[in-house]
Amino acid sequence: MTNALKRLWPWLLLSMLPLSVCGWNKPTHMAIGAIAYRDLQAKSPRKLARLVDLLRQHPDAKTRWAATLRDSTLSEDDKNRYLFMLAARWPDDIKEPNNPYDHPTWHYINYIYNPTLGMARTDTTLATGENILQAFEHNRQILKSDAADSAKAIALCWLLHLGGDVQQPLHTTALISPQFPAGDQGGNLFKIKVSMSNPTRNLHSLWDGMLLSTDSFDAADQLARQLEQTYPRRKASRRRKPDINAWSVESFELARRLSYREGSLQAGTGDNGIVLPSDYLATMRPVAEQRVALAGHRLASGLRFDVKKKGWFGLRG
């Protein structure tokens with residue numbers, strides 16, 4: 001163990017308890033689902049149809065989602081897209097006591113960023129339990145198995161959600177500093193203000209809701225369409241194996257360089273958040289937009305890659 005890690009070890013032990021966090025907020029996850037849906041619809045409509053059929057076997061299809069599926073004002077395509085959007089936010093909807101499907105530590109990974117020690121490590125993490133990388137692979141394996149369709153539907157929800165969470169930079173990072181010796185919990189303890197007249201909030205929640213606050217189908221779908229136009233799928237990223245490890249490292253670097261501004265961003269305490277630099281939101285919003293668009297396209301690409309494998313849903317190519 002290096003000297004730097006020895007100095008960190010007491011802080012790592014303090015960080016063993018699970019942390020309750022959200023990734024992007026619920027409407028933003030819905031936008032990611034809509035982007036993935038239209039991407040699949042354009043490139044692989046048969047595979048999309050099978051995925052929609054799977055979601056209709058979800059345990060919540062007859063309860064939580066029933067009103068949407070019965071809504072006579074929606075076209076069949078709208079219902080199917082809405083179902084994809086609801087699936088992408090489902091892991092946040094079920095954050096409730098004693099829900100067997102809720103897994104709080106699945107939403108993130110805590111790579112270590114300690115600017116005081118000059119440390120930015122993606123080969124070691126704060127211990128939190130099963131993390132987002134492990135959970136993503138776990139659910140991929142369920143989706144490719146001979147499990148019941150209801151179990152595959154749950155796994156698909158988790159994949160759509162975690163593929164979004166990992167693109168949020170603060171879902172991959174624990175800032176360690178004299179102010180946060182046990183880590184800042186992905187920005188949840190990092191108290192800021194947007195301006196002097198605004199209330200104190202945490203940095204994580206700022207990122208979560210940076211793009212959208214209206215929790216509705218139309219608003220989320222409109223955001224998705226805007227991002228699809230602004231950040232269209234790159235020709236080079238057609239159908240490839242999902243690489244959540246690489247995505248997480250990419251997000252960590254964005255957190256280090258941009259979210260925390262290489263350690264120069266200052267945090268307040270309690271209800272006394274420090275006002276963000278005047279250019280922070282204008283600089284970060286395009287980053288958030290691109291990450292959300294990438295999430296939808298990367299999920300569609302990964303699903304197309306996996307679906308082509310023999311035996312997965314019984315479909316090929």
Just verifying a value: how many Å separate [X] [atom1] and [Y] [atom2], rounded to the nearest 0.5 Å?
X: Leu223; Y: Leu212; atom1: CG; atom2: CG; value: 5.5 Å
X: Ile176; Y: Ile112; atom1: CD1; atom2: CD1; value: 5.0 Å
X: Lys144; Y: Asn139; atom1: NZ; atom2: CG; value: 12.0 Å
X: Asp165; Y: Thr28; atom1: CG; atom2: OG1; value: 11.0 Å
X: Phe136; Y: Trp158; atom1: CZ; atom2: CH2; value: 12.5 Å
X: Leu276; Y: Arg201; atom1: CG; atom2: CZ; value: 9.5 Å

Determine whether [X] and [Y] fall in the same hydrophobic cluster, where Ile, Leu, Val, Met, Phe, Trp and Tyr are linked whenever their side-chain heavy atoms lie under 4.5 Å apart.
X: Ile274; Y: Leu175; result: no
X: Tyr231; Y: Ile35; result: yes
X: Leu211; Y: Leu294; result: no
X: Leu281; Y: Val275; result: no

Can you give me the closest heavy-atom contact between [X] and [Y], atom names plus distance?
X: Val292; Y: Leu227; value: CG1-CD1, 3.5 Å
X: Pro27; Y: Ala220; value: O-CB, 3.5 Å
X: Lys193; Y: Asp271; value: CE-O, 4.4 Å
X: Leu265; Y: Pro277; value: CD1-CD, 3.6 Å
X: Tyr82; Y: Met30; value: CE2-CE, 3.7 Å
X: Cys157; Y: Pro91; value: O-CG, 3.9 Å

pair [X]-[Y]: side-chain heavy atoms closer than 4.5 Å:
X: His204; Y: Gln185; answer: no
X: Asp78; Y: Asp221; answer: no
X: Leu74; Y: Arg81; answer: no
X: Asp93; Y: Lys26; answer: yes
X: Asn25; Y: His29; answer: no
X: Leu160; Y: Ile32; answer: no
X: Leu143; Y: Leu54; answer: yes
X: Ile192; Y: Asn202; answer: no

**Q.** side chain to side chain contact (heavy atoms under 4.5 Å, CB included) assessment of Phe84 paired with Leu48
**A.** CA-CA 10 Å; Phe84 234 67; Leu48 174 63; 3.8 Å; yes
State plainly whether the residues [X] and [Y] are in salt-bridge range, i.e. N to O under 4.0 Å.
X: Asp53; Y: Arg50; value: no
X: Asp39; Y: Lys43; value: no
X: Arg89; Y: Asp215; value: yes
X: Asp71; Y: Lys79; value: no
X: Arg298; Y: Glu250; value: yes

For [Y], is there any backbone N or O sitting under 3.5 Å from a side-chain donor or acceptor partner on [X]?
X: Ser301; Y: His297; answer: no
X: Ser150; Y: Pro59; answer: no
X: Asn110; Y: Thr172; answer: no
X: Asn131; Y: Gln134; answer: yes
X: Ser44; Y: Lys47; answer: no
X: Glu289; Y: Gln226; answer: no
X: Tyr280; Y: Ser259; answer: yes
X: Thr105; Y: Gly129; answer: no
X: Arg285; Y: Met210; answer: yes
X: Thr214; Y: Ser216; answer: no

**Q.** Arg261 and Thr283: CA distance, side-chain angles, deciding distance, side chain to side chain contact (heavy atoms under 4.5 Å, CB included) verdict
**A.** CA-CA 11 Å; Arg261 295 202 163 179; Thr283 305; 3.9 Å; yes
Q.
For His161 together with Trp106, are the ring centres under 6.0 Å from each other?
A.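 They do not qualify: ring centres at least 6.0 Å apart.
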Q.
If you take the centroid of each ring, where Trp contributes its six-membered ring, are Trp65 and His58 closer together than 6.0 Å?
A.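 Distance test on ring centres: under 6.0 Å, yes.
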Q. What is the ring orientation for Trp24 with Trp207, classed by angle as parallel under 30°, tilted 30 to 60°, or perpendicular over 60°?
A. tilted
Side chains of [X] and [Y] only: does a donor on one sit below 3.5 Å from an acceptor on the other?
X: Gln41; Y: Asp77; value: yes
X: Asn99; Y: Glu96; value: yes
X: Ser195; Y: Asn198; value: yes
X: Ser248; Y: Tyr111; value: yes

Q: Report the residue from Gln167, Arg256, Arg291, His171 that forms a side chain to side chain donor-acceptor pair (under 3.5 Å) with Ser251.
A: Arg291
Q.
Using side chain to side chain contact (heavy atoms under 4.5 Å, CB included), reason through Thr173 and Tyr108 one step at a time and then give a plain yes or no.
A. CA-CA 8 Å; Thr173 311; Tyr108 62 94; over 6 Å; no
Q) How far apart are the C-alpha atoms of Leu156 and Lys152, what are their side-chain angles, what is the distance that settles it, and do they pass the side chain to side chain contact (heavy atoms under 4.5 Å, CB included) test? A) CA-CA 6 Å; Leu156 177 57; Lys152 290 183 178 181; over 6 Å; no
Q) Counting only heavy atoms not in Asp279, do more than 12 fall under 6.0 Å of its CG? A)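 Buried by this count: over 12 neighbours within 6.0 Å.
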**Q.** Given Asn188, Leu203, Asp184, the one that forms side chain to side chain contact (heavy atoms under 4.5 Å, CB included) with Leu170
**A.**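 Answer to the side chain to side chain contact (heavy atoms under 4.5 Å, CB included) test with Leu170 among Asn188, Leu203, Asp184: Leu203.
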Q.
Show, in sequence, the C-alpha distance, side-chain angles and deciding distance for Glu137 and Arg140, and conclude whether the salt bridge (charged side-chain N to carboxylate O under 4.0 Å, His left out) test is met.
A. CA-CA 5 Å; Glu137 186 57 31; Arg140 279 189 72 214; 3.2 Å; yes
